[in-house]
Amino acid sequence: MGSMIWLNYSDDLHVELLQGKEEGKDVRGYEERVRLIQAMKPGDPEREKQAADVFDRVSSLPVESDFRYIEPSDITEIKNTRPERGKNVKPDIPDMSGDMLYDKVYGAWLGRCAGCLLGKPIEGWRRDRITGLLKETGNYPVKYYISSAISDDLRKRYNIADECYNYGNRTISWINNVRHMPEDDDINYTVIGLKILERYGPGFTPDNVAESWLLDLPILHVCTAERIAYRNLINLVFPPLSAGYRNPYREWIGAQIRADFYGYITPGNPQLGAEMAWRDASISHVKNGIYGEMFIAAMLSAAAAVNDAEKLIENGLSQIPEKSRLSDGIRKTLSWKREGIGWEQAIDRIHELYDEKIQHYWCHTISNAMIVCIGLLFGGMDLEKSIGIAVSAAFDTDCNGATVGSIIGMVLGAKALPDKWINPLNDQLASGVSGFSSVKISDMAKRTVEIIKRSEKILMQIILLP
């Protein structure tokens with residue numbers, strides 16, 4: 001992506017109106033003004049001045065009185081609006097003596113990389129294009145990573161290329177082009193989670209997360225909500241204001257893909273995993289953007305001891321507001337599974353609810369969290385089937401493949417993961433995080449386990465904020 005488009009206000013105004021409307025605000029008086037502003041010449045200072053004014057006015061609009069959701073961003077209020085069962089959860093730390101803890105954590109790292117690598121080359125594709133390529137290459141349902149080593153006819157039909165030009169020349173991550181897990185923001189955030197815990201310990205704060213980004217992760221390695229938050233931070237707008245200030249992406253998927261490490265280090269303690277995820281999410285997201293990260297972290301915490309998809313999802317739901325749009329969406333996926341429909345029908349229903357042609361829905365927390373749940377519910381705790389379903393659904397393919405793979409990897413452990421999905425990684429990943437440009441995945445798992453053991457007493461506690 002080009003850098004400047006994400007640093008303007010005016011280009012994002014239509015997203016802000018969609019976002020405000022979904023938050024329960026009456027934005028009808030602003031559509032025409034937004035159209036006129038966006039018709040102005042790009043680069044015109046007046047265009048940006050007027051756009052900033054609209055952002056601030058929409059931000060100050062009240063939520064309408066008939067809005068049926070209760071969606072706080074403050075951690076104490078989030079805890080108070082969870083389901084009753086989530087308020088007094090006691091840690092259920094599994095007995096993972098010997099190599100079991102390492103095997104599960106290593107499995108989560110590997111599963112995350114595998115799912116991300118499957119979805120990475122087709123990120124941004126629509127469902128018909130994905131399904132067409134998979135079917136015409138004999139890979140539907142998904143049986144292996146996706147290759148660009150196909151006939152010239154298919155390459156032309158599906159517009160297959162091997163090079164892209166984001167941040168300079170880069171090779172697209174088809175399986176035939178990679179020898180390890182290439183850099184991806186989904187993996188960068190898992191890596192920086194480890195660095196945050198090593199530097200600040202389990203008592204880290206949102207300010208520590210912000211500082212770590214500024215120290216260790218260049219701005220062009222982050223996107224959407226994170227890039228806006230980064231811009232706010234360098235302009236001395238600190239957490240939690242950095243999350244919402246002129247940030248139309250504040251409920252997009254960015255925080256959800258940062259959840260995993262906080263689940264890894266809190267095995268059997270979803271309440272603490274979710275609370276740590278809040279500390280991370282609150283610097284760049286609000287409301288359902290925050291809940292997405294808390295939901296995934298809680299599921300990963302539970303996945304150390306639970307191997308049933310519905311129970312994992314219920315663990316996630318227990319840590320987010322009961323009357324939120326995200327909870328509503330996740331409960332829909334549970335009802336679809338209980339209805340007895342198949343995974344393709346479940347994906348059909350996602351596409352009926354959300355238009356993949358509109359980037360706001362393509363990259364939103366709720367639509368993608370629902371796809372994650374479909375992968376878990378219909379994948380039968382099988383890595384190949386689960387990540388295959390998640391990626392076949394389209395929307396944010398690499399993010400959803402990574403999250404589903406991470407959870408399945410934690411449930412099964414590294415030793416149970418199929419060689420054909422793990423061997424191509426060559427136990428190596430690249431990242432944009434300072435000091436981690438090329439590292440062994442197994443070493444990352446070992447360092448994760450060291451954090452767990454070093455912080456064991458704290459990780460067994462429930463954090464109750466005033």
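You'll find the side chain of Ser386 stays beyond 4.5 Å of the side chain of Leu376, heavy atoms only. Annotation: side chain of Asp12 is in contact with side chain of Tyr249 (closest heavy-atom distance under 4.5 Å). Counting heavy atoms from C-beta outward, Ile175 and Ile146 have side chains that stay 4.5 Å or more apart. For the pair Trp278/Ser282, a side-chain contact is recorded, criterion being any heavy-atom separation below 4.5 Å from C-beta on.
Ring centroid separation for the pair Tyr102 and Tyr106 comes in under the 6.0 Å cut-off. Aromatic ring centroids of Tyr354 and Trp362 lie 6.0 Å or more apart.
Partner of Glu251 under the side chain to side chain donor-acceptor pair (under 3.5 Å) criterion, out of His285, Lys287, His360, Arg325: Arg325 alone.
Between the side chains of Thr205 and Asn208, a donor-acceptor pair is found at a separation under 3.5 Å.
The cationic atom of Arg199 (NZ for Lys, CZ for Arg) does not lie both less than 6.0 Å from the six-membered ring centre of Phe204 and within 45° of the ring axis.
Under a 4.0 Å N-O distance rule, the pair Glu322/Arg331 does not qualify as a salt bridge. Between Arg338 and Glu310 there is a salt bridge, since a side-chain N of the basic residue sits under 4.0 Å from a carboxylate O of the acidic one. A salt bridge links Glu339 and Arg349; the closest N-O separation between the charged side-chain nitrogens and carboxylate oxygens is under 4.0 Å. For the pair Arg68 and Asp328, the salt-bridge criterion is met [side-chain N within less than 4.0 Å of a carboxylate O]. Residues Glu356 and Arg127 are not paired through a salt bridge, judged by the lack of any N-O separation under 4.0 Å between the basic side chain and the carboxylate. Using a cutoff of 4.0 Å between basic side-chain nitrogens and carboxylate oxygens, Glu23 and Arg250 are scored as salt-bridged. Of the charged side-chain nitrogens involved, at least one lies within less than 4.0 Å of a carboxylate oxygen, so that Glu226 and Arg258 count as a salt-bridged pair. Between Lys446 and Glu450 there is no salt bridge, since none of the side-chain N atoms of the basic residue sits less than 4.0 Å from a carboxylate O of the acidic one.
The stretch residues 365-386 participates, sequence neighbours left out, in these salt bridge (Lys or Arg N to Asp or Glu O under 4.0 Å) pairs: Glu384-Lys420. Sorted by first then second residue, the ring pair (Phe, Tyr, Trp, His ring centres under 6.0 Å) pairs that include residues 365-410, not counting sequence neighbours, are His351-Phe395. Listed by first and then second residue, the side chain to side chain donor-acceptor pair (under 3.5 Å) pairs that reach into residues 397-411 are Asp260-Ser406, Tyr264-Ser406, Asn368-Asn400, sequence neighbours excluded.
When every heavy atom of Gly111 is checked against every heavy atom of Leu417, the shortest pair comes out as N-CD1, 4.2 Å.
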